[in-house]
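The structure appears below as structure tokens.
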Amino acid sequence: IIHPEDRHEAAVKLGRVLAGTDIGRIETSFLTRSGRRIRASATVTAGFENGRPVATRAIFRDVTDKWLAEEELRRQKVYLEGLFENAPEAIVILDEYDRVQRVNSEFARLFGFGRDEVVGQQLTRLIVPDELRRESIDLTRMITRGETISMETVRQGKDGSRIEVSVLGTPVVVGDQAIAVYGIYRDITDRKRTERQLVEAKEQAEAANVAKSRFLATMSHELRTPLNSIIGFTKVLLRKPSESLTEKDRLYLSRIAENGTGLLELINDILDLSKVEAGRVELELSDFDLGDLVRETIHQFEPQARDAGDG
């Protein structure tokens, strides 16, 4: 009826009793008739005749409830120990004087210390840069007064390297008294580096946008001013009396004015990128004569075609 897990230990202890040793009280597990496991505490003694054991006497007391409660506490302790030790964040437990009581493996890895190097030492002297020690001391005092803090700051490793971290500190309270400080550190160095890169990229984009605006303003002046002069002088020539210009001269001047006006409108549209960036480019629909369009296109390219033919 002894539980299989306890049979060897029970046999050893019974042998000691039969050898005349007083072993005091023992605890072992039994299986009831229904197969339920129970725990019993027993006082076992042996009777002797002529120096040989001839009988044993045992007085049992059911301690199943106590044993189950203790087993549950052990399971919870193992569970909590696993959570503490295997957490992905660096965890430290301090006393009210900022002295390290415990750290987990991630704390040792992140800051580069062995556990024996930190236990009993003041945390501020271990991982806090000189210029931030007052901040760290004030935080510990706030937490021991019962406050919970959360912030981003900088700490340093054993080798002096700076580590950007988020810190969560909370008091460990028993009754109405804070008896310890529970601190969690998360390495945010990569995240902060990415944030700085994004800010830098944004600033560069804004600078490029300013440079683009200046370029467009300059190009607007450099392109529109001479083109307006060409169109203006062409119109002045076209207003001269008919006898001063041949028909061919007027045709060429008209084409110069028309093409110059069209080019000016195109330049205005290209340079007005604000409409493109704002998505406010409008499509204008209008009726047109296809024949006129073809003839106008031919007129525009007639001089180039003629020059190509002459060559």
Between the side chains of [Y] and [X], is the shortest nitrogen-to-carboxylate-oxygen separation below 4.0 Å, so that they form an ion pair?
X	Y	result
R193	E164	no
K66	E70	yes
E96	R141	no
K192	E195	yes
E135	R155	yes
K77	E81	no
R162	E131	yes
E258	R255	no

Shortest non-hydrogen contact from [X] to [Y]?
X	Y	value
V17	T45	CG1-C, 3.9 Å
I2	A10	CD1-CB, 3.9 Å
A46	L18	CB-CD2, 4.2 Å

To the nearest 0.5 Å, what is the distance between [atom1] on [X] and [atom2] on [Y]?
X	Y	atom1	atom2	answer
L238	D249	CG	CG	10.0 Å
T148	L168	OG1	CG	7.0 Å
S136	R125	OG	CZ	11.0 Å
I163	T153	CD1	OG1	12.0 Å
T124	D138	OG1	CG	10.0 Å
R36	I38	CZ	CD1	6.5 Å

Above 12 or not: heavy atoms from other molecules or residues under 6.0 Å from NZ of K235?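 No, because the 6.0 Å sphere around NZ of K235 holds 12 heavy atoms or fewer from other groups.
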Does [X] reach the side chain of [Y], with side-chain heavy atoms less than 4.5 Å apart?
X	Y	answer
V181	I93	no
D116	V119	no
E106	P88	no
I149	V167	yes
Q204	E200	yes

Start with the C-alpha distance between L245 and L253, add both sets of side-chain angles, then the distance that settles side-chain contact (heavy atoms from CB on, under 4.5 Å), and finish with yes or no. CA-CA 10 Å; L245 295 171; L253 289 172; 3.9 Å; yes
Ignoring hydrogens and angles, tell me if any N or O in the side chain of [X] forms a donor-acceptor pair with the backbone of [Y] under 3.5 Å.
X	Y	value
T64	R39	yes
E117	G114	yes
D6	S29	yes
N104	I91	yes
S229	T225	yes

Path from [X] to [Y] over hydrophobic side-chain contacts below 4.5 Å:
X	Y	result
V92	V154	yes
I184	L94	no
F113	L132	yes
I179	F84	yes
V128	M142	yes

Let's go through R186 and E152 carefully: what are the C-alpha distance in whole Å and the side-chain angles of both, what is the deciding distance for side-chain contact (heavy atoms from CB on, under 4.5 Å) to 0.1 Å, and is it a yes or a no? CA-CA 9 Å; R186 176 175 295 174; E152 294 181 357; over 6 Å; no
Go through the steps for S41 and I26 under the test side-chain contact (heavy atoms from CB on, under 4.5 Å), then give the verdict. CA-CA 6 Å; S41 173; I26 63 172; over 6 Å; no
Run T194 and R191 through side-chain contact (heavy atoms from CB on, under 4.5 Å) and show every step you take. CA-CA 5 Å; T194 300; R191 194 196 83 194; 5.7 Å; no
Determine which pairs satisfy ring-ring contact (aromatic ring centres under 6.0 Å, His included) with at least one residue from residues 42-78, sequence neighbours left out, and list them in order.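 Counting only pairs at least two positions apart or across chains, the ring-ring contact (aromatic ring centres under 6.0 Å, His included) contacts touching residues 42-78 are F30-F60.
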Pairs meeting criterion salt bridge (charged side-chain N to carboxylate O under 4.0 Å, His left out) with involvement of residues 52-64, two or more places apart: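 Residue pairs with at least one partner in residues 52-64: there are none.
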E247 vs R250, salt bridge (Lys or Arg N to Asp or Glu O under 4.0 Å): CA-CA, chis, key distance, verdict: CA-CA 5 Å; E247 191 63 31; R250 288 188 172 279; 5.8 Å; no
Starting from the C-alpha separation in whole Å, work towards a yes-or-no answer on side-chain hydrogen bond (donor to acceptor under 3.5 Å, both in side chains) for S161 and Q156. CA-CA 5 Å; S161 60; Q156 65 184 18; over 6 Å; no
Residue list, ring-ring contact (aromatic ring centres under 6.0 Å, His included) with F111, at least two apart or on another chain: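 F111 satisfies ring-ring contact (aromatic ring centres under 6.0 Å, His included) with F107, Y185 once adjacent residues are dropped.
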